[in-house]
Protein chains: 2
Amino acid sequence: MIRDSKLSGVLHVLLHMAEADGPVTSETLAKMMQTNPVVIRRILAGLREQGYVNSEKGHGGGWQLSCDLNTVTLHDIYVALGSPAILAIGNRTESPGCLVEEAVNTVMNQAFRDAEALLLARFSEVTLAELSRYLHQRLQNADFCRGHD
Amino acid sequence: MIRDSKLSGVLHVLLHMAEADGPVTSETLAKMMQTNPVVIRRILAGLREQGYVNSEKGHGGGWQLSCDLNTVTLHDIYVALGSPAILAIGNRTESPGCLVEEAVNTVMNQAFRDAEALLLARFSEVTLAELSRYLHQRLQNADFCRGHD
DNA sequence: TATCATGTAACTTATGATATTACATGAACA
DNA sequence: TGTTCATGTAATATCATAAGTTACATGATA
């Protein structure tokens, strides 16, 4: 994966689960994501604790959605992932002993806050259901995932 | 340094140079930044190519500003640093072979673009001179840099 | 009870940012 | 003119973190 793509990756996985009509194994999901099943389990384990998915062991087991796509937003998923850092740039330190640095921080922090707030606001506007609808508009005759299983 | 803090660090260095009335050595700047002189030289070398600073070798040498603080904005410095990535999160891949992933990307990219644009717009609104004025409002009797040389 | 799938700890790898070393170049000064 | 100071820069080392992998335990189903 490139950079921190957890949110993007998780949404991908969730949409695939939404399309399936039964449990999907971490192995299947891992192939779609071109990663390792353990990585999938690790990520989904966090979402399960918060009620977004559930898992079953054994034959016929795997992962399923357990939330209402109409009420869960991208922001909810973002938070469920632990609210990872949004910005790649930031201040060198938040408690400098240097007045010059404090001045720089103060000025930049406002810009950082605003940009973050905008992004999160956009995330709040989109539900998983809307994302799924958007997918179906595009989905015509093709397979969900071309190029890999 | 924490995360990608080049811009914040560079602004710190530039303001210190603005306060000095002669050339400042990379060793002095490095102490202020709690880093290595070579790191300072590497970063400032890029800015020098674009006319923001200049350097002199030998006795009495060091680094000086060579731009008009009133016209140079934070955005200019950001660009001079090579326009580093702003967002820590992003899409797994921009050219997926999977329609699900394409849908996710499309929806998220708009939010990413807007947030980036907002941040850069804010950077464009602030000149180095304004940053310096803000510093002087705060600067009363204290040393520029307490806690280290 | 054999198989399948998750649960999870421990470990390995890959990557990128940062720091360091070492030495060359060139300017100022005595 | 040679000593000192400071930059210029290549090469290397260190560090942190994300991602991937292995190994094995747990539990469900057939």
What about B/Arg42, does its side chain sit under 3.5 Å from the base of C/dT20 through a donor-acceptor pair? yes
Which listed nucleotide (D/dA28, D/dT22, D/dT7) is nearest to the side chain of B/Lys57? D/dT7
Quick one: which of D/dT9, C/dA19, C/dT6 gets closest to the side chain of B/Arg48? D/dT9
Tell me whether the OP1 or OP2 atom of C/dA5 has a side-chain N or O from A/Thr25 closer than 4.0 Å. no
Atom CZ of A/Arg41 and atom C1' of C/dA9: how far apart are they, to the nearest Å? 13 Å
How long is the line joining CG of B/Asn36 and C1' of C/dT18, in whole Å? 9 Å
For B/Leu29 and D/dA6, what is the distance between atoms CG and P respectively, to the nearest whole Å? 12 Å
Closest to the side chain of A/Val38, out of C/dA9, D/dT7, C/dT6, is C/dA9
Interatomic distance, A/Leu131 atom CG to A/His12 atom NE2 [nearest 0.5 angstrom]: 11.0 Å
Assign A/Gly62 to base, sugar-phosphate, or nothing according to its heavy-atom contacts below 4.0 angstrom with the strands shown. sugar-phosphate
Counting only heavy atoms not in A/Asp68 (residues, nucleotides, ligands), do more than 12 fall under 6.0 Å from its CG? yes
Sort out for me which residue in B/Gln137, B/Glu130, B/Arg138 forms a side chain to side chain donor-acceptor pair (under 3.5 Å) with B/Tyr134. B/Arg138
Taking atom C1' of C/dA19 as reference, at what distance in whole Å does atom NZ of B/Lys6 sit? 13 Å
From the list B/Met33, B/Lys31, B/Glu27, side chain to side chain contact (heavy atoms under 4.5 Å, CB included) with B/Ile40 holds only for B/Met33
Nearest whole Å is fine: how far is C/dT18 P from B/Leu44 CG? 15 Å
Quick one: is B/Thr35 getting a side-chain N or O under 4.0 Å of the C/dA19 phosphate, OP1 or OP2? yes
Whole angstrom is fine here: how far is it from CD in A/Glu27 over to P in C/dT3? 16 Å
Please report the distance, rounded to the nearest Å, between CD in B/Glu56 and P in D/dT4. 22 Å
Calculate the interatomic distance between B/Ile40 atom CD1 and C/dA19 atom P; express it in whole Å. 9 Å
Minimum-distance nucleotide to A/Ser55 side chain [options: C/dA19, C/dT6, D/dT9]: C/dT6
Would you mind telling me which of D/dG8, D/dA30, D/dT26 lies closest to the side-chain atoms of A/His59? D/dA30
Just how far is it from atom CZ of A/Phe123 to atom CD1 of A/Ile86, taken to the nearest 0.5 Å? 6.5 Å
Taking 4.0 Å as the cut-off, does a side-chain nitrogen or oxygen of A/Ser26 come that near to OP1 or OP2 on C/dT6? yes
